[in-house]
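What you are looking at is a predicted structure, and each value in this text was computed from that prediction instead of being measured. Numbers restart at 1 for each chain; the letters A, B, ... are given by sequence-line order, proteins then strands.
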There are 2 protein chains.
Amino acid sequence: MLQPEQKQAARAIVERLTEPCAHCDARHLSVCQAVEDPYLEQLAALVTTIELAPHDTMVTEGDPAGHYFNITYGTVKIYKLLPDGRQQIIGFSFAGDFVGLSVRENYAYSVEALTPARACRFDRKRLEGLLTKFPKIEHQLRSQTSDELAIAQDQMLLLGRKTAKERVASFLLQLSHRAKRLGQPANPVVLTMGRADIGDYLGLTIETVSRTFTKLRAEKLIALGANNTVHLELNALSELSGAWN
Amino acid sequence: MLQPEQKQAARAIVERLTEPCAHCDARHLSVCQAVEDPYLEQLAALVTTIELAPHDTMVTEGDPAGHYFNITYGTVKIYKLLPDGRQQIIGFSFAGDFVGLSVRENYAYSVEALTPARACRFDRKRLEGLLTKFPKIEHQLRSQTSDELAIAQDQMLLLGRKTAKERVASFLLQLSHRAKRLGQPANPVVLTMGRADIGDYLGLTIETVSRTFTKLRAEKLIALGANNTVHLELNALSELSGAWN
DNA sequence: CGACTTATTGAAGGTCTTCAACGCGTGTGG
DNA sequence: CCACACGCGTTGAAGACCTTCAATAAGTCG
């Protein structure tokens with residue numbers, strides 16, 4: 001027979017299935033915060049939850065853009081390819097991040113899971129239909145898009161003008177800031193992506209990333225721990241990264 | 001006494017001053033197309049026209065973001081600086097382009113005129129106030145922001161993974177496409193910015209840009225004409241640029 | 001015309017890349 | 001249980017591309 005805690009857990013699972021949004025862990029982080037509880041069911045009606053294993057593809061560049069996604073667990077990479085296979089990672093997305101914000105007819109990038117991951121999938125057409133009813137969502141989408149634009153612009157500065165050391169320092173600080181924003185500890189950060197993906201994000205090769213980590217460790221700006229944990233010397237890294245202060 | 005054409009010109013000027021938006025050359029290109037004629041005056045009420053000479057600063061990174069701008073004439077550059085003076089140009093804006101789309105409290109970049117330029121300046125707070133009345137504008141702003149995001153992502157691919165030659169080829173094609181979109185000839189493009197700014201846009205130095213132009217000319221992919229005009233071998237450049245087709 | 005800015009070209013140098021080898025941890029099958 | 005393969009990260013050596021430093025040429029404007 002079920003123990004009380006088990007009963008509770010079972011009920012929670014059922015509720016998640018029937019009212020997924022009301023219990024969404026990522027809700028306060030995302031567009032969905034624009035919708036008040038009583039209207040959540042309208043949002044829930046056009047949501048599917050999807051599960052991804054590492055290397056699973058969520059979105060393929062060039063395909064018709066039929067869905068928006070809200071990552072609720074794990075890490076995914078958003079990337080573009082050149083015809084000869086060179087890859088540029090546009091960004092990593094974690095729980096709470098919205099993916100697929102384009103207004104265009106086709107996706108301009110591919111999205112792939114790096115870790116086991118979960119996401120809410122919104123039908124784009126139907127979500128667009130809700131916008132007149134919930135203008136707050138449109139505003140939320142714009143706000144989100146605008147934030148992403150600002151991040152992209154920072155990354156352009158990084159890719160165009162920073163040295164390898166500055167790039168890696170900036171990257172580690174990004175992870176730290178993101179963790180803090182999500183209410184997690186800012187300091188030991190966990191690398192949920194490999195060296196290859198860090199390289200493709202920073203416009204460097206695997207080897208340069210590795211060498212740069214080694215140098216930063218030698219200078220005691222970082223310490224590599226177990227399980228891809230990295231302890232950061234936040235102030236020194238911030239100085240290095242070219243932050244304005 | 002005034003000739004008929006002069007009279008007509010004078011009347012046009014007066015109308016421009018009293019109903020700036022109705023006669024805006026850039027209107028069909030910008031957010032303003034979301035507002036129907038009868039409501040234009042509400043938009044016009046919060047607009048100021050500003051004139052800029054080359055090197056005039058329109059926006060300074062870090063300043064409170066009080067205005068949106070719509071370029072109606074000339075070329076401006078949008079850029080970010082590192083503390084030591086390294087510069088990354090985020091983009092060039094021409095007639096019809098909207099500048100300052102951020103949702104944040106402070107500008108994340110500076111904007112400076114490269115040529116004599118003109119712009120419509122919108123009070124941000126007051127424009128935001130109109131959004132509930134004209135939800136179309138909010139949508140238009142989101143759409144515009146989303147387009148800029150897609151452009152920024154393309155540029156990240158360029159900065160992170162393309163060679164100097166590919167970067168310059170991509171840049172020239174950008175200019176060509178933009179000209180076509182504005183209904184101007186796609187082929188001989190005019191460079192309204194200097195080598196230094198092209199370099200700061202492409203993540204290269206002046207010298208590399210110059211050398212790359214020379215190489216492209218030697219390979220007959222471009223021909224440099226008078227007045228900063230460049231004739232393009234569109235197909236060959238497109239091949240070179242890493243475009244997908 | 002002469003001073004200034006901007007573009008081009010050359011030579012040397014540096015940072016990052018490429019190619020290659022090695023170490024480490026994990027998982028699987030004999 | 002161990003051997004071995006495989007993926008991933010690290011390190012070394014050589015090389016390439018772009019940068020830096022420097023000089024010259026071309027264009028602009030008073």
**Q** Does D/dT11 have OP1 or OP2 under 4.0 Å away from a side-chain N or O of A/Thr214?
**A** yes
**Q** Atom CZ of A/Arg86 to atom C1' of C/dT17: distance rounded to whole Å?
**A** 13 Å
**Q** What is the distance, to the nearest angstrom, from the CG atom on A/Leu158 to the C1' atom on C/dC16?
**A**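 After rounding, the reported distance stands at 15 Å.
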**Q** Calculate the interatomic distance between B/Lys162 atom NZ and D/dC17 atom C1'; express it in whole Å.
**A** 18 Å
**Q** Side chain of B/Ser210 only, please: which of C/dT8, C/dC16, D/dA13 is the nearest?
**A**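 Of the candidates, C/dT8 comes closest.
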**Q** Before you tell me yes or no, could you show the steps for A/Ser241 and A/Ser238 under side chain to side chain donor-acceptor pair (under 3.5 Å), namely the whole-Å CA-CA distance, both residues' side-chain angles and the distance that decides it to 0.1 Å?
**A** CA-CA 5 Å; A/Ser241 72; A/Ser238 180; 4.6 Å; no
**Q** Whole angstroms only, please: what is the CG-P distance between B/Leu216 and C/dT8?
**A** 12 Å
**Q** Look at the side chain of A/Arg211 and the base of D/dG9, then say whether one donor and one acceptor between them are separated by less than 3.5 Å.
**A**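 There is none.
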**Q** Cation-pi between A/Arg195 and A/Phe213: NZ/CZ under 6.0 Å from ring centre and within 45° of the ring axis?
**A**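 Pair A/Arg195/A/Phe213 counts as cation-pi.
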**Q** Using whole Å, report how far CG of B/Asp84 lies from P of D/dT20.
**A** 11 Å
**Q** May I ask you to decide whether B/Asp200 forms a salt bridge with B/Lys77, counting only side-chain N to carboxylate O separations under 4.0 Å?
**A** no
**Q** Within this structure, what is the CD-to-C1' distance between A/Glu166 and C/dT15, rounded to whole angstrom?
**A**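 Value for this atom pair: 12 Å.
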**Q** Identify, between A/Lys165 and B/Phe213, the residue whose nearest nucleotide on DNA chain C lies closer to the 5' end.
**A**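 The residue closer to the strand's 5' end, by nearest nucleotide, is B/Phe213.
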**Q** Rounded to whole Å, how long is the line connecting atom CG of A/Asn227 with atom C1' of C/dT26?
**A** 14 Å
**Q** Identify the two heavy atoms, one from A/Gln153 and one from B/Lys80, that lie closest to each other, and give their separation to 0.1 Å.
**A** O-CD, 3.8 Å
**Q** Using a heavy-atom distance cut-off of less than 4.0 Å, which residues of residues 189-208 of chain A contact DNA chain C?
**A** A/Gly203, A/Leu204, A/Thr205, A/Glu207, A/Thr208
**Q** Considering only NZ, NE, NH1 and NH2 on the basic side and carboxylate oxygens on the acidic side, decide whether A/Arg104 and B/Asp147 come within less than 4.0 Å.
**A**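 Salt bridge present between A/Arg104 and B/Asp147.
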**Q** Check the distance between C/dC24's P and A/Leu224's CG and give it to me in whole angstrom.
**A** 16 Å
**Q** Step through the shown structure and confirm whether more than 12 heavy atoms of other residues, nucleotides or ligands are within 6.0 Å of CG on A/Asp84.
**A**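 Yes, the 6.0 Å shell around CG holds more than 12 heavy atoms from other groups.
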**Q** Looking only at non-hydrogen atoms, find the nearest pair between B/Thr72 and B/Ala119 and report the distance.
**A**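 So the two residues come closest at OG1-N, 3.8 Å.
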